[in-house]
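Chain letters run A, B, ... following the sequence lines, proteins first and then strands; every chain starts at 1.
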Number of protein chains: 2
Amino acid sequence: MTQDLDIARIAALVGEPARAAMLLALDDGRALPAGELAACAAVSAPTASGHLGAMRDAGLLEVVQQGRHRYYRLASAQVAALLESLMLVAAQNPARVATSRVDPLLQAGRTCYSHLAGRLGVALCDALIARDGLCIDDDIARFSPSGIHMLEDFGLDVHVLRRQPVSKTCIDWSERRHHLSSPVGAAIYRRCLQLGWVRHHLDSRAVSITKAGTKGFQSTFGLAM
Amino acid sequence: MTQDLDIARIAALVGEPARAAMLLALDDGRALPAGELAACAAVSAPTASGHLGAMRDAGLLEVVQQGRHRYYRLASAQVAALLESLMLVAAQNPARVATSRVDPLLQAGRTCYSHLAGRLGVALCDALIARDGLCIDDDIARFSPSGIHMLEDFGLDVHVLRRQPVSKTCIDWSERRHHLSSPVGAAIYRRCLQLGWVRHHLDSRAVSITKAGTKGFQSTFGLAM
DNA sequence: GCGATGATTCGGCGCAAGCCGAAGCGTAGG
DNA sequence: CCTACGCTTCGGCTTGCGCCGAATCATCGC
């Protein structure tokens with residue numbers, strides 16, 4: 001066996017609290033400078049630098065130099081998918097012994113590598129299903145004509161959806177429920193930002209809903225927050 | 001942050017060559033006794049026992065006792081998905097410096113948690129596409145009427161496909177190409193076994209094609225091995 | 001230019017964790 | 001009942017690696 005070592009090498013990189021914290025901070029696709037990642041992981045700059053270098057060498061991260069800063073970001077969507085896989089497995093195993101404390105970030109929503117996840121992402125998905133705009137079968141979502149109509153009202157360019165009214169879903173690790181993922185999910189997220197319905201907090205991947213968003217989600221999707 | 005630790009704990013378990021070897025041996029869904037897993041990982045029985053216990057406690061493995069043997073298997077499809085995620089990331093990163101040696105298992109095919117992967121899985125998928133039976137867009141596969149007809153000839157119960165001619169795909173880590181996954185992929189694999197077209201080697205997850213299979217793949221799917 | 005700031009490299013410390021041999025426990029089978 | 005066998009627990013050894021402080025390099029602003 002030779003691929004054992006390959007996957008063990010990758011998993012070992014992620015299996016270190018400091019490195020895992022950095023990867024999670026990058027999970028939504030942003031690029032962050034080394035110093036900030038050191039702070040996220042609560043380690044010193046030299047330690048962080050070592051970790052980041054190792055992850056870059058292994059192909060998990062990309063680095064882009066800008067002035068005296070070096071911005072790191074996830075190297076590919078596959079790496080993000082790997083993190084989501086890990087979160088899913090971690091969320092459903094019984095290690096939640098004394099961790100009843102709920103992370104405040106989960107209260108509203110969060111982004112998941114360019115699409116909406118968390119409570120908002122799941123609720124949006126549920127609302128579409130409740131109004132017969134969408135049906136999900138075995139992780140695959142199909143839009144109905146009325147669902148496409150809703151997205152049109154929302155301001156999305158849906159001509160691709162007309163050809164193939166299908167999207168992938170992603171199981172949210174915090175809610176254990178489906179939400180829409182790329183590319184439709186990403187388009188919805190971009191449109192939400194554009195309309196000012198949600199705001200992306202710069203220091204994390206939390207997402208909060210604006211007043212306009214509350215009204216908009218209500219009128220367009222029948223979503224009561 | 002609290003979920004950092006969760007995913008790090010899971011990843012650290014996988015990130016150990018001996019444990020990774022055991023998980024990979026279980027990747028196709030079989031249940032194996034502790035002793036055999038120790039051999040797979042090339043460690044002593046006590047060492048293996050410690051690893052297996054830790055993975056069971058973490059919810060990665062399930063154990064079923066049968067006589068004086070204890071059979072371990074992956075606890076859920078999510079764990080298998082995690083392994084596939086890791087293989088995908090591991091396969092596409094540039095750590096293939098001196099590992100030009102090709103694993104003989106990949107030559108014919110392999111199973112991937114109850115469906116066909118490897119060269120055979122990818123070739124079958126390609127053949128369906130080439131004959132306009134299938135089109136893949138963004139990891140989602142749709143069957144055309146002629147594709148459904150081919151599967152019918154093959155002996156599959158396709159009434160569910162008529163309602164929703166859609167399936168998921170899985171990117172094979174060795175071929176870097178799509179192949180069909182559950183539930184259609186699993187049905188195809190079961191039917192192949194039933195027809196005696198492929199044989200599952202008991203000591204690994206390799207799959208070999210029988211003479212009947214060569215003929216059958218040729219006549220039904222136009223697949224030249 | 002010169003200090004300030006971000007990032008990396010180097011060296012040494014300390015702990016966590018993997019490994020095995022020996023011993024213990026339970027089941028199978030004569 | 002007693003031996004054989006599969007698996008686990010226990011104790012102790014060793015090594016790998018995560019951590020930091022100090023030093024080095026590069027870039028920005030003045």
Point to revise | Ala31(B): side chain to side chain contact (heavy atoms under 4.5 Å, CB included) partners, not counting sequence neighbours | key: Tyr71(B), Arg73(B)
**Study point:** Closest-nucleotide ordering on DNA chain C, the 5'-leading residue of Arg19(B) and Gln66(B)
**Key:** Arg19(B)
Check your understanding: How far does CG of Leu61(B) sit from CE of Met22(B), to the nearest 0.5 angstrom?
Key -> 9.0 Å
Review point. Would you call the rings of Phe217(B) and Trp197(B) parallel, tilted or perpendicular, where under 30° means parallel and over 60° means perpendicular?
Key: perpendicular
Practice item. For Gly67(A) and for Ala42(A), find the nucleotide of DNA chain D with the closest heavy atom, then tell me which residue's nucleotide is more 5'. Key: Ala42(A)
Exercise for review: Indicate yes or no for a side-chain donor-acceptor contact from Thr210(A) to the backbone of Gly196(A) under 3.5 Å, with no hydrogens or angles considered.
Suggested key: yes
Point to revise | Touch class at under 4.0 angstrom, heavy-atom based, for Tyr71(A) against every strand present | key: nothing
Revision key, fill the gap. Of Pro33(B) and Glu16(A), the one whose closest nucleotide on DNA chain D sits nearer the 5' end is Pro33(B)
Check your understanding: What's the shortest heavy-atom distance between Gly59(B) and Ala75(B), and which atoms?
Key -> O-CB, 3.3 Å
Check your understanding: Side-chain N or O of Arg70(B) less than 4.0 angstrom from OP1 or OP2 on dT8(D)?
Key -> yes
Practice item. Would you indicate what Ala45(A) reaches in the nucleic acid, counting non-hydrogen atoms under 4.0 angstrom: base, sugar-phosphate, or nothing? Key: base
Practice item. With axes from five pairs an end, tell me the bend angle of the helix from dG1(C)-dC30(D) to dG30(C)-dC1(D), nearest 10°. Key: 30°
Check your understanding: Which residues pass the side chain to side chain contact (heavy atoms under 4.5 Å, CB included) test with Ala18(A), sequence neighbours left out?
Key -> Glu16(A), Ala41(A), Val43(A), His51(A)
